[in-house]
4 protein chains.
Amino acid sequence: MTAPDPETDPEAGTPPADAAPARRHAAGADPAKRAQILEGAARAFLEKGFDAASMEDVRRAAGVSKGTIYVYFADKVELFEALVADKRDRMFADVISLLEEDLPLRAKLTRFGEALSRVLCSEDVIRAQRIVIGAVARMPGMGERFYRVGPSRMHDRLAALFEAEVAAGRLAVPDARMAAVQFIELVSAGVWRRRLFCGPHAGVEEAEIVRTVASAVELLLRAWGRGEARQGLDD
Amino acid sequence: MTAPDPETDPEAGTPPADAAPARRHAAGADPAKRAQILEGAARAFLEKGFDAASMEDVRRAAGVSKGTIYVYFADKVELFEALVADKRDRMFADVISLLEEDLPLRAKLTRFGEALSRVLCSEDVIRAQRIVIGAVARMPGMGERFYRVGPSRMHDRLAALFEAEVAAGRLAVPDARMAAVQFIELVSAGVWRRRLFCGPHAGVEEAEIVRTVASAVELLLRAWGRGEARQGLDD
Amino acid sequence: MTAPDPETDPEAGTPPADAAPARRHAAGADPAKRAQILEGAARAFLEKGFDAASMEDVRRAAGVSKGTIYVYFADKVELFEALVADKRDRMFADVISLLEEDLPLRAKLTRFGEALSRVLCSEDVIRAQRIVIGAVARMPGMGERFYRVGPSRMHDRLAALFEAEVAAGRLAVPDARMAAVQFIELVSAGVWRRRLFCGPHAGVEEAEIVRTVASAVELLLRAWGRGEARQGLDD
Amino acid sequence: MTAPDPETDPEAGTPPADAAPARRHAAGADPAKRAQILEGAARAFLEKGFDAASMEDVRRAAGVSKGTIYVYFADKVELFEALVADKRDRMFADVISLLEEDLPLRAKLTRFGEALSRVLCSEDVIRAQRIVIGAVARMPGMGERFYRVGPSRMHDRLAALFEAEVAAGRLAVPDARMAAVQFIELVSAGVWRRRLFCGPHAGVEEAEIVRTVASAVELLLRAWGRGEARQGLDD
DNA sequence: GATGAATGAGTTTTCATTCAT
DNA sequence: GATGAATGAAAACTCATTCAT
């Protein structure tokens with residue numbers, strides 16, 4: 001349940017990099033070049049969006065030839081899906097790991113919430129999410145996978161944590177998964193949605209995130225906290 | 001605070017309709033034709049997205065000539081922005097009006113929450129939001145305006161309601177705006193975000209929305225409810 | 001049997017040209033523009049062949065824009081097939097009509113044979129046949145149609161003529177269709193095949209054609225001629 | 001007149017094989033590898049045609065590297081011309097040899113005619129001829145050479161035979177070369193041309209060839225046969 | 001004032017050829 | 001000497017926009 005399971009995704013991603021640095025790579029199998037292309041694609045797509053970015057933009061940003069891109073990726077869509085798959089996994093891994101730390105509930109939720117909110121609301125990630133959302137109509141599978149390995153997995157992990165806390169008598173939530181979903185939503189309440197539609201409010205986000213997460217934790221504990229978990233609540 | 005302020009938007013909308021109903025309209029000044037074009041644009045853009053829909057698609061759906069479209073709208077982007085502005089206002093008006101009704105707090109929040117959630121998560125509105133979000137990079141102003149007259153206005157109205165309830169001693173929220181933002185987020189917790197990334201879960205949404213709104217109301221009242229507003233809570 | 005039946009071909013060709021010169025044509029329906037494009041396509045394809053000629057070559061030769069070509073023809077293949085269909089019918093009509101003339105058999109065969117041979121071995125027609133033959137693998141239907149309305153129809157008409165001559169006692173061919181096929185082949189014996197593979201032998205063709213047709217007629221009449229048809233044969 | 005004269009061709013073919021069989025070949029000088037490449041090229045070009053077959057198709061079919069191909073052949077055109085030169089000679093050798101056999105005229109012409117017709121109208125050879133003909137515009141030399149060592153040589157050999165028969169009193173042709181050309185044309189009358197433009201008429205060809213050759217022989221002998229060569233003719 | 005045929009810049013993708021390994 | 005990854009020019013085709021009718 002805690003093991004990472006990236007293998008559930010059809011997009012295997014990088015071909016097995018030889019342990020011993022091979023002198024010559026098979027066509028489309030040089031991980032460095034693949035990464036270079038993905039990096040250029042990230043720059044081009046994040047700046048302009050999927051449709052507005054041309055393969056020429058990608059080529060220029062990646063510093064490779066057009067032909068080379070097509071050796072590594074069958075077409076523009078496949079390149080984009082590979083890019084999303086690549087960033088996605090990296091993105092959520094660190095955040096989830098915070099739930100494994102040995103900390104009091106309040107501190108753990110706060111650290112997790114802030115980390116999650118910071119990631120999801122950072123400029124690049126917001127741009128990426130906008131593009132993915134904008135592309136869902138044409139690439140439904142990609143959106144589903146993004147949701148599954150991102151938000152959905154968060155829900156699972158957090159629900160498990162809540163259940164453990166219930167068993168330990170520190171929480172009285174009647175529906176752990178609902179509570180998990182609500183908490184995830186609350187940690188970026190007002191920020192994530194706004195960022196999806198609006199440009200960054202210069203410098204505001206960090207303070208807002210701290211306030212928002214603190215409020216989310218308080219709301220949760222005030223509603224469902226028991227025993228030591230209620231410490232510090234006025235009531 | 002409750003006054004409608006559409007005039008803050010640069011998109012004036014319909015050109016000044018002549019006071020005296022002219023028999024003949026100036027170029028690009030026939031409101032019926034304008035509406036006809038917007039209707040066609042809505043169909044075309046909702047079905048295919050901004051980039052994938054061609055002006056030919058719009059023309060066909062609207063049943064006018066290409067030239068006419070360009071008389072009413074300077075280019076594709078302006079047409080799209082006008083379309084979004086047009087739908088946007090209609091969309092939020094009804095929902096907000098529910099907050100004016102004379103009902104007990106719990107019922108009022110439930111009705112408002114369900115209505116809002118149903119609107120925001122309906123297939124067409126989800127599609128529209130995806131397209132707007134996907135277009136934010138290229139049309140930042142449009143996203144800002146959408147957020148301002150949509151979610152942001154919700155926050156304002158709901159915060160005002162909460163303040164009134166605090167004044168009436170039925171709520172003890174320390175930060176009415178934060179609570180408003182949180183409530184808005186909670187009423188579609190787990191549904192809106194998923195729908196942004198995924199196709200509809202056949203038939204699931206309605207039941208999910210009812211459950212989710214009920215849980216949101218309960219969470220809010222359990223944390224901050226006072227007096228009669230706590231009726232029905234076990235604790 | 002003698003009526004022209006161009007309607008057997010699926011390629012309807014030119015849309016009905018209004019008797020009264022319309023001021024404005026439907027998209028892709030201006031016969032003059034269509035002819036202009038076909039003329040440019042003819043120049044481009046005849047010079048370079050189907051694959052080697054680019055749509056840019058066609059555009060330049062036709063003096064229209066690329067977009068316009070694609071309004072009139074769905075793609076490169078369709079343009080080419082339309083071109084072939086267009087030239088084909090014109091090409092064979094005159095030749096076949098020679099068989100209807102009221103002349104002694106020997107003269108009729110000679111005139112027909114020379115006309116056919118001249119057409120089939122002229123530079124432009126040879127180029128066209130080369131391109132069609134080279135394209136058969138990719139457009140089998142086009143090759144079949146070319147053969148059907150070209151050589152095959154010749155066989156039919158000539159076989160009918162031979163049958164009439166047999167009935168009139170001037171010919172004793174045991175198999176009129178075989179004789180027709182043989183005669184068609186003989187009138188350009190050695191010339192057509194060579195021209196398919198080789199460039200023009202400066203100035204040789206005309207004399208060669210006359211000699212070849214004379215020899216073909218003599219061979220036929222010597223083998224199967226009866227009565228007056230044998231006049232002038234030494235044996 | 002009967003000596004092989006491949007030296008008239010500029011395509012020397014295999015580079016000078018070292019007199020002493022070297023253990024190691026110079027670049028582009030290994031005949032086995034050259035043959036292997038040509039074999040792959042044959043497969044690739046016959047299947048797709050000159051333009052549609054890519055050098056990658058050739059490489060795959062040949063099982064060598066791209067670079068190696070370019071060591072043996074300067075470019076795609078040269079490879080194709082070498083391929084055609086290679087197949088060409090093989091193709092006509094056997095057929096011509098039939099003219100050397102010691103058989104009665106009628107039998108000899110029949111065997112020769114059928115063999116020639118079968119070869120020229122077989123699927124692979126038809127495909128090859130289509131490709132060569134389609135490429136004549138871009139590679140005129142190749143077409144010329146094909147005609148010269150193919151049909152043209154046939155004409156020479158057959159004309160020589162006819163002259164011998166005239167001298168022997170068995171034939172009375174006034175123009176042996178013309179008769180030779182005519183006979184060559186007649187043995188595939190109606191079949192070769194049709195096959196150039198159309199796909200195979202399932203199973204028809206063999207019977208048609210036999211009938212056609214018989215008719216060609218009969219026509220020739222009926223017109224010009226003398227003495228024993230007229231045996232079996234009704235007249 | 002409305003129309004829609006024409007435009008041509010710009011898109012994605014292919015593939016003959018080269019040259020570092 | 002062989003290899004095959006990389007190249008980039010060029011291809012077919014699209015579509016937002018204009019302007020003569």
Side-chain angles (χ1 to χ4, degrees), chain A residues 22-30 33 37 51-59 63-77 79, chain B residues 24-30 33 51-60 64-79, chain C residues 22-30 33 37 51-59 63-77 79, chain D residues 24-30 33 51-60 64-79:
Chain A
R23 213 117 297 275
R24 196 71 177 281
H25 288 282
D30 181 344
K33 187 137 286 190
I37 295 171
D51 282 289
S54 72
M55 291 301 268
E56 173 61 20
D57 293 329
V58 172
R59 185 207 66 73
V64 298
S65 76
K66 282 234 208 99
T68 300
I69 300 179
Y70 282 90
V71 167
Y72 282 77
F73 303 96
D75 55 26
K76 198 186 182 186
V77 167
L79 169 60
Chain B
R24 198 70 176 278
H25 289 282
D30 181 345
K33 188 143 284 190
D51 282 287
S54 71
M55 290 301 269
E56 172 61 20
D57 292 328
V58 172
R59 185 208 64 72
R60 191 172 25 247
V64 300
S65 78
K66 285 243 200 86
T68 300
I69 299 179
Y70 281 89
V71 167
Y72 283 78
F73 303 95
D75 55 26
K76 197 185 182 187
V77 167
E78 193 180 299
L79 169 60
Chain C
R23 214 116 296 273
R24 195 72 176 281
H25 288 282
D30 181 343
K33 188 137 287 192
I37 295 170
D51 283 289
S54 72
M55 290 301 268
E56 171 62 20
D57 293 329
V58 172
R59 184 206 66 73
V64 298
S65 76
K66 258 206 239 135
T68 300
I69 300 179
Y70 282 92
V71 167
Y72 282 77
F73 303 96
D75 55 27
K76 198 185 181 187
V77 167
L79 169 60
Chain D
R24 198 69 176 280
H25 289 282
D30 181 343
K33 187 143 284 189
D51 283 288
S54 71
M55 290 301 269
E56 172 61 21
D57 292 329
V58 173
R59 186 207 65 71
R60 191 171 28 245
V64 299
S65 78
K66 284 244 201 85
T68 300
I69 298 178
Y70 281 89
V71 168
Y72 282 78
F73 303 95
D75 56 26
K76 198 185 182 186
V77 168
E78 193 181 299
L79 169 59

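The figures that follow rest on heavy atoms only: side chains count, while hydrogens, waters and symmetry mates do not. Treat the numbers as computed from the prediction; the structure is a model and nothing was measured.
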Query - Phosphate contact (E/dT3 OP1 or OP2) by B/Thr68 side-chain N/O below 4.0 Å - result: yes

Report summary line: Residues passing the side chain to side chain contact (heavy atoms under 4.5 Å, CB included) test with B/Lys33, sequence neighbours excluded, are B/Asp30, B/Gln36, B/Ile37, B/Thr68, B/Tyr72

Report summary line: For DNA chain E, the expected dot-bracket line (Watson-Crick or G-U under 3.5 Å, [ ] crossing, | inter-strand) is .||||||||||||||||||||

Query - Heavy-atom closest contact (B/Tyr70 atom, B/Asp75 atom, distance) - result: CE2-CA, 4.0 Å

Requested in this report: Return the nearest nucleotide to the side chain of C/Ser65; candidates are E/dT3, F/dG4, E/dG8.
Outcome: E/dG8

Listing time: all N or O pairs from protein to nucleotides 11-14 of chain F that are below 3.5 Å?
unit_1: F/dA12; atom_1: OP1; unit_2: C/Lys76; atom_2: NZ; d: 2.8
unit_1: F/dA12; atom_1: OP2; unit_2: C/Met55; atom_2: N; d: 2.9
unit_1: F/dC13; atom_1: OP2; unit_2: C/Tyr70; atom_2: OH; d: 3.0
unit_1: F/dC13; atom_1: OP2; unit_2: C/Lys76; atom_2: N; d: 3.2
unit_1: F/dC13; atom_1: N4; unit_2: C/Lys66; atom_2: NZ; d: 2.4

Query raised in the report: OG/C/Ser54 to CZ/C/Arg59 distance, rounded to the nearest 0.5 angstrom?
Result: 9.0 Å

**Report entry** Integer-rounded Å distance: E/dA16 P and D/Glu78 CD
**Finding:** 16 Å

**Report entry** D/Lys66 versus D/Met55, closest heavy-atom pair with distance
**Finding:** CE-C, 4.3 Å

Query raised in the report: In whole Å, what is the span from the CD1 atom of B/Ile69 to the C1' atom of E/dG1?
Result: 15 Å

Query - Set of residues satisfying salt bridge (charged side-chain N to carboxylate O under 4.0 Å, His left out) with respect to D/Asp51, sequence neighbours excluded - result: D/Arg138

Query - Along DNA chain F (nearest heavy atom to each residue), the more 5'-positioned of A/Val64 and D/Lys33 - result: D/Lys33

**Report entry** salt bridge (charged side-chain N to carboxylate O under 4.0 Å, His left out) partners for D/Glu78, two or more places apart
**Finding:** none

Requested in this report: Mind calculating the distance between CZ (A/Arg59) and C1' (E/dT11) to the nearest angstrom?
Outcome: 15 Å

